[in-house]
Amino acid sequence: MSLLLIAPNRDLTKLREELLNLDANLDVELWPNVEHKNRVTFAVAWNHPKNIFSNYSNLNSVSSLGAGVNHLLNDEDLTSDISLARLITPSLKNEMAEYVLQAILAYRHHTTRYTDQKKEGYWDKHTIIPKEDAVIGIMGLGEMGLSTAELLIENGYKVNAWSSSKKDVARIDSFSENELDDFLAQSNILICLLPLTEKTDGILNLDLFKKLKTPSYLINVGRGQHLVEEDLIYGIDTGVLDGAWLDVFEEEPLPSNHLFWNRPKIMITPHVAAVTDPREAAQQILENYKRSLSGMDLINAVKREKGY
Ligand code: NDP
Ligand code: OXD
């Protein structure tokens with residue numbers, strides 16, 4: 001029996017090392033140099049190539065290397081008899097919350113404008129956007145959404161949250177799926193922390209932006225496919241949105257000729273809001289590997305019927 005790690009363009013040697021630190025007897029294969037495909041029962045995958053799993057006849061479980069699982073659910077070779085899981089670690093939740101907080105502060109305090117002004121040697125002052133005009137609207141109150149909401153509340157922000165089902169969480173105004181318009185009308189800074197599903201694909205579009213309370217701003221840390229890119233540019237150019245902070249894109253890496261690069265009101269980071277820590281990841285992967293070998297339910301299992 002062996003465990004396969006597969007994530008093109010990512011260095012997995014540290015994760016392999018951490019797994020072997022936990023159990024030196026583990027048989028860990030690193031894609032693409034897989035010696036015995038028929039021994040692989042458990043895989044950890046991130047942005048894996050299409051059809052890669054068709055030759056692994058004994059595979060019974062696959063874990064995402066991150067919190068998102070759209071790459072696993074979209075893979076036709078990962079049929080319903082294969083259990084799916086994702087990684088949820090304390091540092092992933094903390095990093096996401098801090099990343100979102102710094103984006104909000106940078107928007108309110110005009111950090112990117114001052115960075116641009118410094119390059120030009122240009123002195124000009126901008127009024128800080130007051131907290132009353134920075135009511136937060138979090139789309140997706142799951143693992144990442146909740147930790148983000150908690151940090152923002154600690155920092156004195158009013159937080160609304162929208163999720164499939166209504167939640168009863170102290171100091172968060174929760175809106176259910178059919179209350180989207182009310183949620184938007186009461187939120188200035190929209191943070192997308194939704195999973196990518198059929199329902200949420202293209203959800204960040206001009207119609208939705210127009211329903212936000214003004215001034216409005218977008219932070220997308222979910223998936224690039226949530227956003228209709230031309231609607232963002234149109235929304236900013238027509239004053240519907242003050243700007244946007246984006247960490248995820250339809251195509252990653254963002255092509256060098258993409259229109260977003262030259263837009264001063266769009267901040268870009270290269271999908272780094274929260275990055276899986278190899279040590280924490282190794283513990284969860286090993287736990288799930290053991291569980292899969294004993295036929296137990298996986299921790300942080302993906303609910304296929306929900307689509308996330
Ligand atoms: P969870 O599955 O824990 O939470 C998803 C939330 O979205 C839940 O609250 C769920 O509602 C809600 N939701 C799902 N579908 C809908 C819908 N149609 N309408 C309204 N609400 C909906 O996900 P995580 O918090 O772990 O992660 C969220 C996403 O963040 C990931 O899928 C990934 O794309 C992204 N991510 C990005 C990272 C980065 O570095 N940029 C790092 C980590 C994650 P309910 O609670 O009722 O089920
Ligand atoms: C994740 C991510 O889903 O990094 O964990 O996007």
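Every heavy atom of this structure was used, including side-chain atoms; hydrogens, water molecules and symmetry mates were not. When a residue number appears, it is its place in the shown sequence, counting from 1. Order of listing sets the numbers, starting from 1, for every ligand and every atom in it.
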Could you list the atoms of ligand 1 found under 4.0 angstrom from a heavy atom of [X]?
{"X": "W162", "value": "19 (N), 20 (C)"}
{"X": "G140", "value": "6 (C), 7 (O), 9 (O), 12 (C)"}
{"X": "A67", "value": "26 (O), 43 (C), 44 (C)"}
{"X": "K199", "value": "18 (N)"}
{"X": "A273", "value": "39 (C), 40 (O), 41 (N)"}
{"X": "V248", "value": "41 (N)"}
{"X": "H271", "value": "39 (C), 40 (O), 41 (N)"}

Between D277 and K14, does any NZ, NE, NH1 or NH2 come within less than 4.0 Å of an OD or OE carboxylate oxygen?
no
* To do: Give a yes or no on whether a salt bridge exists between E132 and K158, defined as a side-chain N under 4.0 angstrom from a carboxylate O.
  => no
Discussion item. Within the structure, is a non-hydrogen atom of R223 found at a distance of less than 4.0 Å from ligand 2?
Written reply: yes
*Give a yes/no verdict on whether any heavy atom in A274 is under 4.0 Å from an atom of ligand 2.*
yes
Has ligand 2 got any nitrogen or oxygen that is less than 3.5 angstrom from a nitrogen or oxygen of [X]?
{"X": "A67", "value": "yes"}
{"X": "T276", "value": "no"}
{"X": "G68", "value": "yes"}

Please work out whether any backbone atom (N, CA, C, O) or any side-chain heavy atom from C-beta onward of [X] is under 4.0 Å from ligand 1, and answer side chain, backbone, both or neither.
{"X": "S163", "result": "both"}
{"X": "L92", "result": "neither"}
{"X": "E143", "result": "both"}
{"X": "L194", "result": "both"}

Between N60 and S292 the two heavy atoms that sit nearest each other are OD1-CB, 3.7 Å
For H271, the atoms of ligand 2 under 4.0 Å from one of its heavy atoms are 2 (C), 4 (O), 6 (O)
Evaluate the side-chain proximity of [Y] to [X]: yes if any heavy-atom separation is below 4.5 Å, no if none is.
{"X": "W245", "Y": "T269", "answer": "yes"}
{"X": "Y308", "Y": "K303", "answer": "no"}
{"X": "R223", "Y": "F249", "answer": "no"}
{"X": "T276", "Y": "L92", "answer": "yes"}
{"X": "F53", "Y": "L59", "answer": "yes"}
{"X": "L65", "Y": "L15", "answer": "yes"}
{"X": "I6", "Y": "N47", "answer": "no"}

So, 4.0 Å and heavy atoms of [X]: is ligand 1 close enough to count as a contact?
{"X": "K167", "result": "yes"}
{"X": "M139", "result": "no"}
{"X": "L141", "result": "yes"}
{"X": "T200", "result": "yes"}
{"X": "G222", "result": "yes"}

Using the rule that Ile, Leu, Val, Met, Phe, Trp and Tyr join whenever any side-chain heavy atoms are under 4.5 Å apart, tell me whether I138 and L146 fall into a single cluster. yes
Cationic tip of K131 above Y157 ring, under 6.0 Å, 45° of axis: yes
_Residues E177, K199; criterion salt bridge (Lys or Arg N to Asp or Glu O under 4.0 Å); working and verdict_ = CA-CA 11 Å; E177 199 167 338; K199 278 189 183 173; 3.0 Å; yes
[atom]: nearest protein contact (heavy atom, Å):
{"atom": "atom 32 (O) of ligand 1", "result": "P195 CA, 3.4 Å"}
{"atom": "atom 48 (O) of ligand 1", "result": "Y308 OH, 2.5 Å"}
{"atom": "atom 13 (N) of ligand 1", "result": "S164 OG, 3.6 Å"}
{"atom": "atom 36 (N) of ligand 1", "result": "V221 O, 3.7 Å"}
{"atom": "atom 41 (N) of ligand 1", "result": "D247 OD2, 2.9 Å"}
{"atom": "atom 25 (O) of ligand 1", "result": "M144 N, 2.8 Å"}
{"atom": "atom 33 (C) of ligand 1", "result": "R223 NH1, 3.5 Å"}
{"atom": "atom 31 (C) of ligand 1", "result": "G68 CA, 4.0 Å"}

Note: heavy atom closest to atom 3 (O) of ligand 1, options R86, K93, H71, K306, belongs to R86
- [ ] Report yes if some N/O of A274 lies less than 3.5 Å from some N/O of ligand 1; otherwise report no.
- [x] yes
More than 12 non-hydrogen atoms from neighbouring residues, nucleotides or ligands closer than 6.0 Å to CG on D81, yes or no?
yes
Fill in: Other residues, nucleotides, ligands: >12 heavy atoms within 6.0 Å of D124 CG
yes
Under 4.0 Å between heavy atoms, the region of R86 that gets near ligand 2 turns out to be neither
Checking H36, K37, R39 against E29 for side chain to side chain contact (heavy atoms under 4.5 Å, CB included), the one that qualifies is H36
Report task. Go through the steps to decide whether D116 and R113 satisfy the test salt bridge (Lys or Arg N to Asp or Glu O under 4.0 Å), and finish with yes or no. Result -> CA-CA 5 Å; D116 291 344; R113 285 172 93 177; over 6 Å; no
For this session: In sequence, state the C-alpha distance, the side-chain angles, and the governing distance for F42 and N288, and then conclude on side-chain contact (heavy atoms from CB on, under 4.5 Å).
Result: CA-CA 9 Å; F42 190 103; N288 268 341; 3.8 Å; yes
- request: Consider only side-chain N and O atoms of Y217 and N188, and report whether a donor and an acceptor are under 3.5 Å apart.
  value: no
